[in-house]
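See structure below.
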Amino acid sequence: DAGVIQSPRHEVTEMGQEVTLRCKPISGHDYLFWYRQTMMRGLELLIYFNNNVPIDDSGMPEDRFSAKMPNASFSTLKIQPSEPRDSAVYFCASSFVGNTQYFGPGTRLTVL
Amino acid sequence: SQQGEEDPQALSIQEGENATMNCSYKTSINNLQWYRQNSGRGLVHLILIRSNEREKHSGRLRVTLDTSKKSSSLLITASRAADTASYFCATALQGAQKLVFGQGTRLTINP
């Protein structure tokens, strides 16, 4: 298996632009997690899905952030409009019950 | 406040020495996990210890869990330069599938 796949790996955009991050979980995994990592705040859980249904979005910072999982093999995290404080590394992870999570390589987002 | 807090925040040792990192948490857990993150990479799962276990081994890794003190430790024996990374503990709260990560310990192994 190729592991969790994220795209793009790097994204540089200007304030106010829409940003879409993509994730393909490991086949057969039924949980998908989106995290954000910064030096100041560490690793924060934004939202997670079970069987494509959002279970807990309490970590989503504000309405500018939205996440979808239209099927078992694809999820997106969208930021609209983006702000400089959104600059961070965004990770996607997946798991199959039992809690061990497998992380993707991350998307490094820079908002100018 | 963080559920899991690692101690120390940074650790620098010589190759071949043992490295010990500690993690404390606040609420009852289902299990506790340790992850490693190399610079610029995603997190990699190292080991999981359940709340009814006290010690677990995996290769050069040894994890202990003391639920009465709400603490865990990760010991890496005979450290190697390739062990240089950040190490995170993550707690799985009872009744929840999500993990809560600590701030991590930055481990540097000097050759």
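Below, read A as the first sequence line, B as the second, and so on, with proteins coming before strands; counting in each chain starts at 1.
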Inset, instruction - Could you tell me which non-hydrogen atom of A:Ser58 sits nearest to which non-hydrogen atom of B:Lys98, and how far apart they are? - result: OG-NZ, 4.3 Å
Legend entry - Same apolar cluster: A:Ile79 and A:Leu46, side chain cutoff 4.5 Å: yes
Legend entry - Where B:Gln33 and A:Thr100 come nearest, the two heavy atoms and their spacing: OE1-CA, 3.6 Å
Legend entry - Heavy-atom contact with chain B under 4.5 Å, split by part of A:Tyr35: side chain
Legend entry - Option that, when pairs with chain B are counted at under 4.5 Å, heavy atom only, ranks first among A:Gln6, A:Arg108, A:Gln101: A:Gln101
Legend entry - Within 6.0 Å of CD in B:Glu17, more than 12 heavy atoms from elsewhere: yes
Legend entry - Transitive ILVMFWY side-chain link A:Val89 to B:Leu99, under 4.5 Å: yes
Inset, instruction - Count the heavy atoms of every other residue, nucleotide or ligand shown that sit under 6.0 Å from CG of A:Asp63, and state whether that count exceeds 12. - result: no
Inset, instruction - Using distance alone, with no hydrogens and no angle criterion, decide if A:Gln37 and B:Gln37 have a side-chain donor and acceptor under 3.5 Å apart. - result: yes
Legend entry - Over 12 non-hydrogen atoms of neighbours within 6.0 angstrom of CD in A:Glu14: no
Legend entry - For B:Leu43 against A:Phe103, the heavy-atom pair lying closest together: O-CB, 3.3 Å
Inset, instruction - Below 4.5 Å from any heavy atom of chain B, which atoms of A:Asn50 appear? Answer side chain, backbone, both or neither. - result: neither
Inset, instruction - Look at the side-chain heavy atoms of Ile, Leu, Val, Met, Phe, Trp and Tyr, link any pair under 4.5 Å apart, and say whether A:Phe65 and A:Phe49 land in one connected group. - result: yes
Legend entry - chain B contact via A:Met40 - which portion, at a heavy-atom distance below 4.5 Å: backbone
